[in-house]
Asker: 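Let me give you the structure first, and then I'll get to my questions.
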Amino acid sequence: MRLTTRELTVFAMLGALMYASKILLEFAPNIHLLGVFTIAFTVVYRKKALYPIYIYVLLNGLLSGFSAWWIPYLYLWTVLWGIVMLLPQKMPKAVRPLVYMTVCAVHGFLFGTLYAPVQAVLTGLSLEGMIAWIIAGLPWDFLHGVSNFFCGILIMPIISVLRLAERSAEASD
């Protein structure tokens, strides 16, 4: 997975865009475009989507602090990336938006559950404590999943813009 200079630049900008979008939406808890960008980047760039995703994760740690909360970020976005990688690439056009929006929503609904094992290990929670932590976070996960679904409306337009930009770049090469 060698990168060209153009790819390196594009992926750095996309990772920075992910981080900037997170900062701009911090006033609204659990409402963000990170799942939207992860899905769109994965559909367009496939394996190479890990570059902007992990640039985002690294920027998050560098600018917000490498602390216990950051450790699950090392795998949370990879789970979403992996699910999208498993989706058929030749889905009927009519179902793509709903499938991507639903996957984005499910990731939001499960975010706390996916986060919980590391939280439990780092804070010494028992299995019962971890389950209680998950249950306590369910209202936030519900908000996260619902907002991810509606933000998912942007996935197809972002995919279209990225593909257009890629075709334009290829044509100018």
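Sequential numbering from 1 along the given sequence is applied to the chain's residues.
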Asker: Can you find a heavy atom in the side chain of N148 that is under 4.5 Å from one in the side chain of F109?
Answerer: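 No, too far: nothing below the 4.5 Å cut-off.
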Asker: Can you tell me how far the CG atom of L154 sits from the CG atom of L33, to the nearest 0.5 Å?
Answerer: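 Atom-to-atom, L154:CG and L33:CG are 6.0 Å apart.
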Asker: Check whether any side-chain heavy atom of Y54 lies under 4.5 Å from a side-chain heavy atom of T78, and answer yes or no.
Answerer: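 A side-chain contact under 4.5 Å exists here.
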Asker: What's the shortest heavy-atom distance between Y115 and A68, and which atoms?
Answerer: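 Heavy atoms of Y115 and A68 come nearest at OH-O, 4.4 Å.
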Asker: State whether the side chain of W81 and the backbone N or O of L76 hold a donor-acceptor pair below 3.5 Å, judged by distance alone.
Answerer: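 Checked: no pair found.
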Asker: Quick one: closest heavy-atom pair of G15 and I55, and the distance?
Answerer: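 Shortest heavy-atom separation between G15 and I55 comes out as CA-CG2, 3.9 Å.
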Asker: Can R46 and M85 be said to form a side chain to side chain contact (heavy atoms under 4.5 Å, CB included), step by step?
Answerer: CA-CA 7 Å; R46 308 304 294 162; M85 288 292 288; 3.6 Å; yes
Asker: Which is it for Y75 and V57 under the side chain to side chain contact (heavy atoms under 4.5 Å, CB included) test, yes or no, and what are the steps along the way?
Answerer: CA-CA 10 Å; Y75 66 86; V57 170; over 6 Å; no
Asker: What are the two closest non-hydrogen atoms of P29 and L143, and how far apart are they?
Answerer: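 Taking every non-hydrogen atom into account, O-CD2, 3.3 Å.
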Asker: Any idea which heavy atoms bring S21 and F37 closest together, and the distance?
Answerer: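 Closest approach of S21 to F37: OG-CE1, 3.5 Å.
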Asker: Quick check: closest heavy atoms across K22 and S64, and the distance to 0.1 Å?
Answerer: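 So the minimum-distance heavy-atom pair works out to NZ-OG, 4.2 Å.
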Asker: Once rounded to the nearest 0.5 Å, what's the spacing between atom OG of S147 and atom NE2 of H32?
Answerer: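 The NE2 atom of H32 is 6.5 Å from OG of S147, to the nearest 0.5 Å.
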Asker: May I ask you to test the L8-Y51 pair for a side-chain heavy-atom distance under 4.5 Å?
Answerer: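 No, their side chains stay 4.5 Å or more apart.
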Asker: Hey, quick one: are W140 and I31 part of the same hydrophobic cluster, counting side-chain heavy atoms closer than 4.5 Å, chains of contacts allowed?
Answerer: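 They do share one cluster, since a chain of ILVMFWY contacts under 4.5 Å joins W140 to I31.
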Asker: Please say whether more than 12 non-hydrogen atoms of neighbouring residues, nucleotides or ligands are located less than 6.0 Å from CZ in F150.
Answerer: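 It does not: F150 CZ has 12 such atoms or fewer within range.
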Asker: Once rounded to the nearest 0.5 Å, what's the spacing between atom CG of L62 and atom CH2 of W70?
Answerer: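 The distance works out to 8.5 Å.
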Asker: Quick one: does R163's side chain get under 4.5 Å of V43's, heavy atoms only?
Answerer: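 Yes. Closest side-chain heavy atoms under 4.5 Å.
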Asker: When clusters are formed by joining ILVMFWY residues with side-chain heavy atoms under 4.5 Å apart, either directly or through shared neighbours, do M156 and V95 land in the same one?
Answerer: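 Same hydrophobic cluster.
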Asker: Quiz question: by atom type and distance under 3.5 Å, do the side chains of Y56 and T38 form a donor-acceptor pair?
Answerer: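 Per modelled atom types, Y56 and T38 side chains form no pair under 3.5 Å.
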Asker: Return the minimal non-hydrogen interatomic distance between W77 and G35, and the atom names on each side.
Answerer: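 The pair with the smallest heavy-atom distance is CZ3-N, 4.0 Å.
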Asker: Quick one about H144 and H107 (side-chain donor to acceptor, distance below 3.5 Å, no hydrogens or angles considered), yes or no?
Answerer: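 Per modelled atom types, H107 and H144 side chains form no pair under 3.5 Å.
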Asker: So R2 and E7, side chain to side chain contact (heavy atoms under 4.5 Å, CB included) or not? Walk me through it.
Answerer: CA-CA 9 Å; R2 292 194 57 175; E7 285 175 323; over 6 Å; no
Asker: Kindly say whether K47 contributes a backbone atom to a donor-acceptor pair with the side chain of T42 at under 3.5 angstrom?
Answerer: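 Not confirmed, T42 side chain does not pair with K47 backbone.
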Asker: A quick test of your reading: do over 12 heavy atoms of other residues, nucleotides or ligands sit less than 6.0 Å from CZ of F142?
Answerer: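 Not more than 12 within 6.0 Å, no.
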Asker: Report yes if the side chains of Y45 and F11 come closer than 4.5 Å at any heavy-atom pair, otherwise no.
Answerer: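 Yes, side chains in contact.
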Asker: To the closest 0.5 Å, what do you measure between CZ (F41) and CD1 (I53)?
Answerer: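 So the gap between those two atoms works out to 8.0 Å.
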Asker: Would a hydrophobic clustering, with Ile, Leu, Val, Met, Phe, Trp and Tyr connected at side-chain separations under 4.5 Å, put L110 with V146?
Answerer: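 Not linked; separate clusters.
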Asker: Considering only NZ, NE, NH1 and NH2 on the basic side and carboxylate oxygens on the acidic side, decide whether E166 and R6 come within less than 4.0 Å.
Answerer: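 Looking at E166 and R6, the cut-off is met.
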Asker: If you define the side chain from C-beta out and look only at heavy atoms, does anything of I159 sit under 4.5 Å from Y100?
Answerer: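 Touching, per the 4.5 Å side-chain cut-off.
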Asker: Under a 4.5 Å cut-off applied to non-hydrogen side-chain atoms, are L114 and P72 in contact?
Answerer: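 No - every pair of side-chain heavy atoms lies 4.5 Å or more apart.
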Asker: Rounded to the nearest 0.5 Å, what's the gap from CG on L25 to SG on C151? Could you check?
Answerer: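 Nearest 0.5 Å value for the CG-SG distance: 7.0 Å.
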Asker: For the hydrophobic clusters of this structure (ILVMFWY residues joined by side-chain heavy atoms under 4.5 Å, transitively), does one cluster hold both I23 and L34?
Answerer: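 Shared cluster, yes.
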Asker: Between F111 and I131, is there shared hydrophobic-cluster membership here, with clusters defined by ILVMFWY side-chain heavy atoms closer than 4.5 Å?
Answerer: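 Both belong to a single hydrophobic cluster.
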Asker: Flag the pair L162 / L14 as yes when at least one side-chain heavy-atom distance between them is below 4.5 Å, and no otherwise.
Answerer: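 Sidechains of L14 and L162: in contact.
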